[in-house]
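Notes follow once the structure below has been shown.
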2 protein chains.
Amino acid sequence: MTLLKTFASAVGLVMAASPLAFSETKLNHDAEYYVLQAQHGEQWKKDDKAVDDKLAQFKKKNGGKAPNIVYILVDDIGYGDMGIPELNALRGYETPNVNKLANEGMRISRMYTEPSCTPTRVAMMTGRQPHRNGMGDTAVDIAGFGLAGKEVTIAEVLSEAGYNTVHIGKWHMGDIAESWPHNQGFDFAAFPVHQQGQLTIFHDDAANEEIAYGIGENNYDSRFTKDRWFRPDASAMVTALEAKKGGKPKEVYMKPGERWNEKKYEEMNYRYQDQAMEHLKKLAAKDEPFFLQYWPLYPLTGARVPYDQYTTPNGGTYVEKLKLLDKWVGDIMAEMEKLGVADNTILVLMGDNGHFTKYSPGSGFTPLVFRGGKADTTEGGVRVDAFVKWPGMIEADSIVSDIFQVSDLFTTLARLASAEDNIPTDRLIDGVDQSALLLLGETKGRRDHVMIYTGNKLAAVVKEHLKLEVPPPGKNPIGANFYDLHRDTREEWPVSTEVGAWGGAEFVRVIQRHMMRKQKFPDEGPARGIPYDGITNLRPESQAAVKAFLTKQKAPMM
Amino acid sequence: MTLLKTFASAVGLVMAASPLAFSETKLNHDAEYYVLQAQHGEQWKKDDKAVDDKLAQFKKKNGGKAPNIVYILVDDIGYGDMGIPELNALRGYETPNVNKLANEGMRISRMYTEPSCTPTRVAMMTGRQPHRNGMGDTAVDIAGFGLAGKEVTIAEVLSEAGYNTVHIGKWHMGDIAESWPHNQGFDFAAFPVHQQGQLTIFHDDAANEEIAYGIGENNYDSRFTKDRWFRPDASAMVTALEAKKGGKPKEVYMKPGERWNEKKYEEMNYRYQDQAMEHLKKLAAKDEPFFLQYWPLYPLTGARVPYDQYTTPNGGTYVEKLKLLDKWVGDIMAEMEKLGVADNTILVLMGDNGHFTKYSPGSGFTPLVFRGGKADTTEGGVRVDAFVKWPGMIEADSIVSDIFQVSDLFTTLARLASAEDNIPTDRLIDGVDQSALLLLGETKGRRDHVMIYTGNKLAAVVKEHLKLEVPPPGKNPIGANFYDLHRDTREEWPVSTEVGAWGGAEFVRVIQRHMMRKQKFPDEGPARGIPYDGITNLRPESQAAVKAFLTKQKAPMM
C-alpha cells in the first residue's frame with residue numbers, strides 16, 4: 001500500500017505537470033492512454049482535424065447523414081481462418097466471400113478481443129473491459145445475472161444520435177431482463193438468451209452422440225441421480241426471444257413440452273440469417289442511418305447431424321458451418337450493393353475469440369499461427385480475424401499492424417457516427433478512438449498495449465510487441481516470462497533475462513498505473529435479478545427451472 | 001520375409017494384370033506411382049497431350065527454343081515466411097518482392113522437401129530421394145564423401161539437351177571432387193565446399209559471441225585439450241571454390257594463414273549475388289537456353305555483426321538477411337525483365353527445409369503454421385514456401401494444393417525443357433512429372449503421397465491429407481499415430497482409432513510396396529574419396545586438416 005501511495009503521488013506529479021496534454025478527451029480512459037497522449041497529443045490533434053475533414057466530406061456526399069454500420073461478429077475464429085487464400089489452401093476449405101471483403105477493406109492484424117464470448121461482447125457494447133462491470137465470466141446456464149441497465153451501450157449511443165438499431169443473433173450477456181438488447185438500446189432484437197452450450201452441445205442429439213459427455217439425459221444412469229437440479233436441461237431453459245425496444249419479450253421456437261435438438265439449432269441459425277437480411281432491407285428503406293448488429297451462432301456447432309452436409313476436404317463440423325457463414329456474408333454484401341448502401345455503410349466482420357479447442361480436431365480447426373484458443377490468454381485466445389470496409393474512406397486491400405482492442409470499436413464507431421458526445425463521462429472507458437487508424441492508415445493507432453484479463457484477474461499485458469505473462473502474486477517480476485510476439489507468435493520461447501530485467505520493472509509500472517486507476521473507478525459486480533423475468537410465454541418447465549435455481553440460491557452457504 | 005514374399009507375388013499379380021497401364025513412362029518410379037497410374041493413366045495421356053501442345057506453342061513463339069530456367073533455393077525457410085502479407089504483418093518484416101512473385105506465379109502450397117539441406121539438394125539434382133544414394137545425412141566438416149559421379153543431375157540432363165548451365169552459391173553435396181557441380185553438369189560453378197556451420201556458426205566471430213558454444217578457439221580452455229583434431233577449425237577447412245566444367249577448382253577468398261570471419265561470410269554472400277546477376281546477363285546473351293541455379297546461403301547467419309544492420313521491427317538475425325534476400329530476388333526479377341528473358345524463363349523460388357530452430361527466437365523465426373523445423377520430419381521440417389513463375393504458361397496468382405516433392409522438380413523441369421529422354425532409365429527415379437499441374441492447374445498433380453526419410457530411415461508417410469508417423473519396429477501399426485493435416489497442421493492431435501485401424505493396415509501396404517521396390521533398386525552408399533583432392537591452391541592448414549582426417553580414419557575401429 002505504501003508503494004502504491006508513493007506511486008500515486010508520482011503519477012499525480014506527472015498529471016499536474018502537463019494538465020493540458022491530459023485533458024484533450026472528455027472521456028476517462030485508463031492510465032496508459034495518457035502516457036501516450038502526453039507524447040503524441042499534438043500530432044493527434046492534427047490527425048483529428050484530418051479525420052473530421054474526411055467525415056465532413058462523407059456526410060456532404062451522403063445527404064448530411066452519418067454512415068450506416070453493419071457489425072458481424074463470428075463465434076470462435078482464430079487469426080487466418082478467413083481471408084487468406086494461402087491458409088485456406090492448407091486447411092482444405094475456402095472463404096471466398098470473406099477473402100473478397102479482405103480485398104475490399106482493411107485487415108486489422110492485431111485485433112485483440114477478450115478470451116471468451118461474453119467478455120468480448122461486453123467490451124464491444126460498452127467500450128469497457130468486462131472486469132469493470134462484473135461481466136468477465138461466461139455463464140452457460142440459468143445464472144440470474146447480466147449486463148447492468150446502467151451500462152451505456154453503443155446501441156444507446158447511436159440510438160440517441162438518431163440511428164435505427166437492430167440486433168440479430170447471439171447476445172449472451174445475461175438471463176435477466178435489464179441485460180437484454182431491447183433494453184440496451186436496440187429498437188428490435190431477436191436473440192437466444194443463453195449460448196451454444198445449451199443450444200448445440202448438451203441437447204438431446206449431442207447427448208446421443210456423446211458430445212455432451214454425460215450431461216445429457218441419454219447417457220448417464222439416472223437411477224443413481226439424487227440431485228435432479230444438478231444438470232441443466234437444454235430444453236427447459238428458455239431458447240430464443242424476440243422483442244421491441246422497452247417491450248416484453250416472447251419466446252419463439254418452443255412450445256411447452258418440446259425438446260430442443262440440432263435441427264432446431266439449424267433452423268435458428270437460418271432464421272437469424274433471414275432476419276438479418278430482412279432487417280437490412282427495412283433499415284435501408286428508412287431515412288435515418290442504421291446500426292445492424294448481426295452475431296451469428298455459427299460456426300460453433302455440436303452434433304454431427306445432418307450427416308450429409310460435410311462438403312469440404314477438411315470435413316470439420318465447424319469448418320462446414322464456416323463455409324455456410326462465408327456464403328451468408330457474401331449474401332449480405334451482395335444485398336448491400338443491391339440496396340445501394342454498400343458505399344455509405346461501415347461493414348465490420350470479426351471473430352469474438354479463438355477456436356473452441358475442446359472440439360479440436362473434429363471441428364476442423366486447431367490453433368494455427370498462435371497458441372491456445374477460447375478461454376486462453378495466449379494470443380490464440382484473443383487474436384482474431386478482423387476486417388473493416390468503408391469504400392472511399394478506408395483503404396481497400398490494406399493490412400495494419402497497430403494494436404486494436406475490441407473495446408475501441410465502441411469509441412471509434414461512436415466517433416465515426418458523430419455520436420461521441422453520447423459516450424458517458426462518469427465512468428472509465430477502455431476503448432480509445434481509433435478513427436485515425438481506420439481513415440488515415442497504419443501507424444495512426446492510439447494504443448500500444450492491451451490488458452488481458454481472464455475473468456476478473458489480469459493475466460497478461462501486451463505493450464508493443466512484448467508480452468508479459470503476469471506472474472503469480474509474490475513472484476519476483478525479474479523471473480516473469482516475456483515473449484516477443486514478432487519472433488515468437490506462439491509464446492513458446494521466453495526472451496532473454498536482459499529484456500526481463502528492464503521489462504519486468506517497466507511492466508510493473510504499467511500494471512501499477514492500471515491498478516491505481518481503479519481506485520478512482522472501481523470494478524463493480526454485474527446486475528443480479530430473477531432469471532427470465534417478464535417473458536410473456538414462459539413455459540412451465542422453464543418456470544420450474546427458475547424455481548430450482550432460486551431454491552438452490554437460498555441454501556445456507558456460510 | 002514370408003510376408004514380403006507373399007506381398008511380392010500379389011504385387012506381381014497386379015502388375016501382370018495391367019502391363020499396359022504400367023508401361024506409359026520409360027522411367028522406373030516408386031511403387032505408389034503405378035497405383036495412381038493404374039487409376040488415372042488414360043486421363044494422364046490426355047493431359048500429356050495438352051501439355052505437349054502448350055509446350056509446342058511456347059517453343060514456336062520462342063524461336064524454337066526451350067525455356068530458360070532460373071532456380072533459386074533459399075536456405076531454411078518455413079511455410080508463410082515469404083509471399084503472404086498477412087503473415088508478414090504478424091512478424092514485423094516484409095518480403096515485397098517475393099509477394100510480387102507470388103502474385104505473378106503459382107504457389108505450391110504442399111511442396112515437400114527433405115528435412116535438411118543436403119538431402120533436399122540431392123533430391124532436386126538427381127530426382128532421387130537421398131536414401132537411394134547414401135546422401136541422406138548432412139556433413140558439417142571434412143568427411144570424405146559426396147554425391148557419386150554416376151548420379152545423373154538435372155544439370156547433366158539439361159546440358160546434354162544443349163543448355164548452358166551455371167551454379168552459384170551453396171552446394172553442400174560433398175567435399176570430394178566427383179561430387180562438385182563442375183563435375184556434375186555445370187559449365188561454371190562458384191560454391192563453398194561446406195556449409196554455414198563452418199562459414200557462420202563456428203568461425204572466430206561466432207565463438208566470440210558464444211554462438212559456437214565452446215567449439216571455437218576463443219572460449220574453451222585449450223590447456224586441457226588433448227585431441228587437437230576433435231574440433232573443426234573453420235579457417236583450416238576449404239572455403240569456396242570456382243571452376244569450369246571438368247576443370248580443376250581454385251579456392252577463392254582465403255590466403256594461407258588467413259582467418260575466416262563473419263565479414264568474409266557477408267562478402268561471400270554479396271559476391272554470389274553479384275555472380276548470379278553477372279552470369280544471368282552472360283547466359284541471356286547466348287543463343288542456347290540456359291539453366292541458372294542460384295542457391296544463396298542467406299538467410300542463415302550466425303554472429304550478430306555488423307551490429308548496425310538490424311532494420312526490421314522483428315530484429316531477428318535471419319529476418320534481416322531474408323529482407324536482403326528479398327531485395328536480391330527483386331533485383332534478379334528486374335534484371336530478367338531488362339534482359340528480355342522474363343517471359344521465356346521458368347523462375348522457381350523455394351526453401352530447402354524448415355527453420356533452423358536451434359537459433360530461435362533470436363533468428364526472428366519460430367515455426368509458424370507447422371510444428372518443428374530443419375531436421376524434423378513433422379511438416380515444419382519439410383513444408384516450405386515454393387513459387388513458380390512462367391508468364392503465359394503458368395497461371396498467375398494461383399495457389400495449388402496438390403502434393404509436390406522436391407524430387408519432382410528434376411523430372412518436371414527435364415520435361416518442360418524437352419530433355420526428358422536424357423533421364424536415366426537404369427535406376428529408380430522418385431521425381432514424377434508434374435508438368436500437368438504447373439501448366440494445366442490444380443488437381444492435375446501426379447502424386448498423393450510422400451515418403452519422409454530422416455537419413456536412411458523412413459520416418460513418416462503422407463498419403464493425401466493423412467500422415468502416419470512410422471512407429472518403431474515391432475509396434476502394432478494399429479497403435480501408430482495418424483494426423484489429419486487439414487485439420488491439424490501442427491500434428492498435435494492424433495486422429496481416431498477408426499482411421500488408425502483402417503489406415504494402419506493400408507499404410508503398411510504402402511510401406512511394403514515401397515520397401516519391396518528396393519529389392520529391385522537397392523539403396524547404395526555415397527561416393528567416398530580424398531577430401532579436397534585436385535584443388536590447385538590447397539592451403540597448408542587445409543592439407544594438415546585432410547591429413548588429420550585420414551589419420552583418424554585409419555584408427556582401428558573393430
Side-chain angles (χ1 to χ4, degrees), chain A residues 79-80 82-94 99 102 107-110 312-319 355 357 359-371 379 383 385 397-402 442 464-465 483-496, chain B residues 79-80 82-94 99 102 107-110 312-319 355 357 359-371 379 383 385 397-402 442 464-465 483-496:
Chain A
Y79 187 91
M82 310 186 289
I84 306 178
E86 293 89 343
L87 298 187
N88 279 182
L90 294 188
R91 272 142 134 222
Y93 68 85
E94 289 178 357
N99 299 1
R107 174 186 276 271
I108 300 171
S109 74
R110 297 193 68 184
T312 71
N314 176 297
T317 47
Y318 290 20
V319 163
H355 300 126
T357 54
Y359 294 94
S360 298
S363 65
F365 290 122
T366 51
L368 193 64
V369 295
F370 299 123
R371 183 162 61 85
E379 301 286 287
R383 291 275 292 275
D385 283 330
D397 203 14
S398 60
I399 301 169
V400 294
S401 294
D402 300 70
E442 199 171 42
E464 301 173 349
H465 61 286
Y483 299 95
D484 178 327
L485 297 175
H486 278 145
R487 300 185 186 183
D488 174 24
T489 55
R490 296 181 54 81
E491 297 156 78
E492 289 177 335
W493 313 67
V495 292
S496 70
Chain B
Y79 187 90
M82 310 186 291
I84 306 177
E86 293 88 343
L87 299 186
N88 279 181
L90 294 188
R91 274 147 135 215
Y93 68 85
E94 289 177 358
N99 299 1
R107 173 186 276 272
I108 299 171
S109 75
R110 296 192 71 182
T312 73
N314 176 297
T317 47
Y318 290 18
V319 162
H355 300 127
T357 54
Y359 294 94
S360 297
S363 65
F365 290 121
T366 52
L368 193 63
V369 296
F370 299 122
R371 184 162 59 86
E379 301 287 285
R383 292 276 291 275
D385 284 328
D397 203 14
S398 61
I399 301 169
V400 294
S401 294
D402 299 70
E442 199 171 40
E464 299 173 351
H465 61 286
Y483 300 94
D484 179 327
L485 297 175
H486 278 146
R487 299 184 185 183
D488 175 22
T489 54
R490 295 181 54 80
E491 297 155 81
E492 289 176 335
W493 314 68
V495 292
S496 72

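Every chain is numbered from 1, with letters handed out A, B, ... down the list of sequences.
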Roughly how far, to the nearest 0.5 Å, is the CG atom of B/Leu485 from the CG atom of A/Asn314? 11.0 Å
In this structure, OG1 of A/Thr366 is separated from CD of B/Glu492 (nearest 0.5 Å) by 7.5 Å
Part of B/Glu379 lying under 4.5 Å from any heavy atom of chain A: neither
Quick one: what part of B/Arg110 sits under 4.5 Å from any heavy atom of chain A, side chain, backbone, both or neither? neither
So which of B/Asn88, B/Val369, B/Leu87 has the biggest tally of heavy-atom pairs under 4.5 Å with chain A? B/Val369
Name the option with the most non-hydrogen atom pairs under 4.5 Å to chain A; the candidates are B/Phe370, B/Phe365, B/Tyr79. B/Tyr79
Engaged part of B/Leu90 at the chain A interface, taking heavy atoms whose separation is under 4.5 Å: both
Region of B/Arg107 in contact with chain A, defined by heavy-atom distances below 4.5 Å: side chain
Looking at B/Ser401, B/Gly92, B/Gly364, which has the largest count of heavy-atom pairs under 4.5 Å with chain A? B/Gly364
Would you give the length of the straight line joining atom CD of A/Glu86 to atom CD1 of B/Ile399, rounded to the nearest 0.5 angstrom? 4.0 Å
Side chain, backbone, both or neither: which part of B/Thr357 has a heavy atom under 4.5 Å from chain A? both
Tell me, for B/Tyr93 versus chain A, whether the close heavy atoms (under 4.5 Å) come from the side chain, the backbone, both or neither. neither
